[in-house]
Amino acid sequence: MAMIEAHDLRKTFRVHRRRSGGLLGLVRRDVQEVEAVVGVSLSIGEGELIGYIGPNGAGKSTTIKMLTGILQPSGGVASVAGLNPARRRLEVAKRIGVVFGQRTQLWWDLPLIDSFELLRHIYRVPSSAYHERLATLSEVLDLGPFLNTPVRQLSLGQRMRGDLAAALLHAPPVLFLDEPTIGLDVVAKARIRELLARINREQGVTMLLTTHDLADVERLCTRLLIIDHGRVIYDGSIEAIRERFGNERTVVVDLEHAAPPLCIPGVVVTRVEGPRQWLRFGRSDTTAAEVVSAVAASARLRDLTIEEPAIEDIVRQIYEHGVEPKRDGDAGTGQDDRTVVSRIT
Amino acid sequence: MLARLHGHGEMYLRLVAAQVSAQLQYRVSFLLQSFGQFVATFIDLVTILLIFNRFPSLAGWTLPEVMFLYGVGTLAFGFSDLLCGGFDSLSRMIKTGTFDRVLTRPAGTFIQVLASDLQIRRVGRIAQGVLALGLAISWLDVTWTPPKVLVLLLALLSGTIIFSSIWVIGAAITFWTVETSEVTNVFTYGGAELVSYPMPIYADGIRRFFTFIVPLAFVSYLPALYILDLPDPLGLPPILQVASPVVAMMFLLAARGAWELGVRHYQGTGS
């Protein structure tokens, strides 16, 4: 059964713009229609953990807002846990949890446990169910050490764990996560990913996750949706996308001295900045190790980093190659030793 | 229906209690701010005393009678100011995305915003109202019959509802303007001042506006005519002097309507 569905979901905003300064500008305004979401269709089954990614302004947040009942769509229909969020906001609200990574829903000045108590009353969770749920969540999320600490004193990682618990207290079958790892350090990010995977696996919570961090998706999701300019441009497995587009790597090398672009077979120098050069290569053509040794052979190498492809790069490549999005099932063995994909279905 | 009301009441009280306890963590700050509000509003009271130092009466009203108006008006406004902080900060809620959060919760937007911001320092103004009303009652020579006591209590309740409705309508407008409109302040803070003086001192148009459109005359002036047995130079039907609760409920319904429209607009356009 599909827990989250959308058919041709659309959102058009009317933006008013003052035509000119002065008094006339106050009266006469140009109305411009901005299409934030242009016909998004998706279907997410029970227990799936889906990554919803795309560049800034692609329409991710607007989609989430329509699915959670915050915004009314301009067209199309959504269904969450079997209900239309545009028509039945209150009932949908009982069945979903929403985590906004950038803004907490916890009460800043109160101990964490007090926020949970308040949410229990807002969501009308019966006392026994609440205590059972709280015990499970505080075990899984390891909240014990800071349950009685005011939220303002929590670290960002602790607060995010608190926010996760807050969103799950009423045992929703669906969880929306908008940038849940934003601002977290590497360790805290890894922790949150692990916890999300565990909650998805153990409690069967259906999750839709937006993120800017491709690593979130790689480590968590089996399937991802890429949205750009308000349209879904890819819906399929993560392996397939990596196979097709994640093939490119960039090695950033810091040389001892500024030098003309290096000439290495299979490598394109995309940028030069003084002694620093960006070398792009396809993993099917060569390996990072070969590139690095080729560099070392022709110049003195001081430092190097390997850049993972950003979401923007993948979107660019999808446009450049004009590849038809394919559904999952056609994935190759695009896994390498660098990435660990949690399989959690 | 009753269970639902009870559930709302409990949620409201818990949300408010949580804020009060959070604010009481900073006790010195709370005391200083309350005292500050008391002093700030005290200037209004001093203004009235100064006016009567110069003139024996105002449109036929004596100092105790005007003090009575001021007391009732300040209390009603003070209660609304205490209760409706959430509506006053709606602009901030929209800008920070907190209002999106309100929409993701299984409760009405009205009750959630109502419960979202209660600043206990605002009791400073209420203390001021109590002082003024106490002074007025001790100076006045009123025989407090049960109907008069009832009209006074209902006037305080109705006045609170009328001012609260203005806060709500002002907030509803914020859904379109995002910024809190200065026009709202004219009717809230300005309204509090307006109801401290007898209506006959204002021009005809203003009086009519504040009787039939924004019913501030029902906060203190009209009930005071009844309680103090004063003649009405404006010749309004005497029934209006005890009609405050009905008018307040009608105004509240209008405010609720405006609120629902505003929320619908927000859900259509986003922030």
Side-chain angles (χ1 to χ4, degrees), chain A residues 11-16 34 36-37 61-62 64-74 80 85-86 88-100 102-111 114-125 150-152 163 166-167 170 172 176 178, chain B residues 3-4 6-27 29-30 92-120 175-178 260-261 263-271:
Chain A
K11 186 71 203 177
T12 308
F13 294 113
R14 305 184 77 192
V15 181
H16 295 271
V34 177
V37 172
S61 293
T62 306
I64 296 269
K65 283 181 181 180
M66 288 191 281
L67 293 174
T68 51
I70 295 171
L71 285 180
Q72 298 279 342
S74 316
V80 173
R88 305 168 77 177
R89 180 183 76 76
L90 295 178
E91 283 150 277
V92 169
K94 284 181 206 158
R95 293 165 175 82
I96 62 172
V98 186
V99 174
F100 292 116
Q102 275 165 313
R103 25 195 155 101
T104 181
Q105 72 159 318
L106 305 166
W107 278 259
W108 205 243
D109 283 320
L110 299 177
D114 288 14
S115 286
F116 294 162
E117 274 290 330
L118 289 172
L119 287 167
R120 162 165 111 75
H121 287 280
I122 293 175
Y123 284 88
R124 313 256 173 95
V125 183
V151 172
R152 60 168 190 272
D163 260 305
H170 55 291
F176 291 95
D178 197 5
Chain B
R4 196 169 144 245
H6 175 256
H8 274 163
E10 183 172 4
M11 183 185 83
Y12 175 81
L13 288 178
R14 280 185 188 269
L15 285 169
V16 164
Q19 290 167 56
V20 171
S21 80
Q23 288 165 35
L24 286 178
Q25 286 175 18
Y26 311 97
R27 202 149 303 188
S29 155
F30 157 64
R92 203 190 59 228
M93 289 181 80
I94 291 175
K95 283 188 225 161
T96 58
T98 319
F99 192 74
D100 285 350
R101 173 57 71 187
V102 164
L103 286 167
T104 65
R105 287 179 172 157
T109 53
F110 189 85
I111 184 106
Q112 285 191 75
V113 173
L114 183 68
S116 69
D117 187 11
L118 187 135
Q119 302 284 336
I120 42 174
F175 285 118
W176 279 272
T177 60
V178 180
E260 295 305 327
L261 272 181
V263 172
R264 210 170 306 158
H265 177 78
Y266 180 86
Q267 290 192 293
T269 58
S271 46

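Because the structure is predicted, anything quoted here is derived from the model rather than measured. Chain naming here is simple, since letters A, B, ... match the order of the sequence lines and numbering starts at 1 in each.
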**Q** Chain B: which of Thr12(A), Thr62(A), Ile122(A) shares the most heavy-atom pairs with it under 4.5 Å?
**A**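 Winner by heavy-atom pair count: Ile122(A).
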**Q** If you tally heavy-atom pairs under 4.5 Å against chain B, which of Leu118(A), Thr68(A), Leu119(A) wins?
**A**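 Top count of heavy-atom pairs under 4.5 Å with chain B: Leu118(A).
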**Q** Could you walk me through whether Tyr266(B) and Asp100(B) satisfy the side-chain contact (heavy atoms from CB on, under 4.5 Å) test, starting with their C-alpha distance in whole Å, then the side-chain angles of each, then the deciding distance to 0.1 Å, before giving a yes or no?
**A** CA-CA 10 Å; Tyr266(B) 180 86; Asp100(B) 285 350; 2.4 Å; yes
**Q** Do you know which of His121(A), Arg103(A), Glu117(A) has the most heavy-atom pairs with chain B at a distance under 4.5 angstrom?
**A**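 Between His121(A), Arg103(A), Glu117(A), the count favours His121(A).
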**Q** Tell me, do Thr269(B) and Arg14(A) make a side-chain contact under 4.5 Å, heavy atoms counted?
**A**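 They are not in side-chain contact.
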**Q** Decide side-chain contact (heavy atoms from CB on, under 4.5 Å) for Leu261(B) and Trp176(B); before the verdict, give the C-alpha distance in whole Å, the side-chain angles of both, and the deciding distance to 0.1 Å.
**A** CA-CA 10 Å; Leu261(B) 272 181; Trp176(B) 279 272; 4.2 Å; yes
**Q** Heavy-atom distance under 4.5 Å between the side chains of Lys95(B) and Val178(B), does that happen here?
**A**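 Yes. Closest side-chain heavy atoms under 4.5 Å.
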**Q** Decide yes or no for Ser74(A) and Lys11(A): does some side-chain heavy atom of the first lie under 4.5 Å from some side-chain heavy atom of the second?
**A**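 Ser74(A) vs Lys11(A): side chains touch.
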**Q** Between Phe100(A) and chain B, which part of the residue has a heavy atom less than 4.5 Å away: side chain, backbone, both or neither?
**A**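 Its backbone and side chain both get close to chain B.
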**Q** What residues of residues 107-120 of chain B make heavy-atom contacts with chain A at a cutoff under 4.5 angstrom?
**A**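 Only Ala107(B), Gly108(B), Thr109(B) of residues 107-120 of chain B have a heavy atom under 4.5 Å from chain A.
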**Q** For Glu10(B), is there an ion pair with Arg14(B) - N to carboxylate O distance below 4.0 angstrom?
**A**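 Answer for the salt bridge query: yes.
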**Q** For Val263(B), which atoms come within 4.5 Å of any heavy atom of chain A: side chain, backbone, both, or neither?
**A**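 Nothing of Val263(B), per the 4.5 Å heavy-atom cut-off to chain A.
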**Q** Counting only non-hydrogen atoms closer than 4.5 Å, does Thr96(B) touch chain A with its backbone (N, CA, C, O), its side chain (CB onward), both, or neither?
**A**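 Just the backbone, heavy atoms under 4.5 Å.
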**Q** Can you see whether Arg89(A) engages Gln267(B) through a side-chain donor-acceptor pair at a distance of less than 3.5 angstrom?
**A**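 Result is no, nothing qualifies.
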**Q** What option among Gln72(A), Gln105(A), His170(A) has the most heavy-atom pairs under 4.5 Å with chain B?
**A**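 Winner by heavy-atom pair count: Gln105(A).
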**Q** Please determine whether side-chain contact (heavy atoms from CB on, under 4.5 Å) holds for the pair Arg105(B) and Val98(A), giving the CA-CA distance in whole Å, both sets of side-chain angles, and the decisive distance to 0.1 Å.
**A** CA-CA 9 Å; Arg105(B) 287 179 172 157; Val98(A) 186; over 6 Å; no
**Q** What's the shortest heavy-atom distance between Arg152(A) and Asp109(A), and which atoms?
**A**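 Where Arg152(A) meets Asp109(A) most closely, the heavy atoms are NH1-OD1, 2.8 Å.
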**Q** Any Lys/Arg nitrogen of Glu91(A) or Lys94(A) sitting under 4.0 Å from an Asp/Glu carboxylate oxygen of the other?
**A**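 Salt bridge absent between Glu91(A) and Lys94(A).
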**Q** For Tyr12(B), is it the side chain, the backbone, both or neither that has a heavy atom under 4.5 Å from a heavy atom of chain A?
**A**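 Contact with chain A involves no heavy atom of Tyr12(B) at all.
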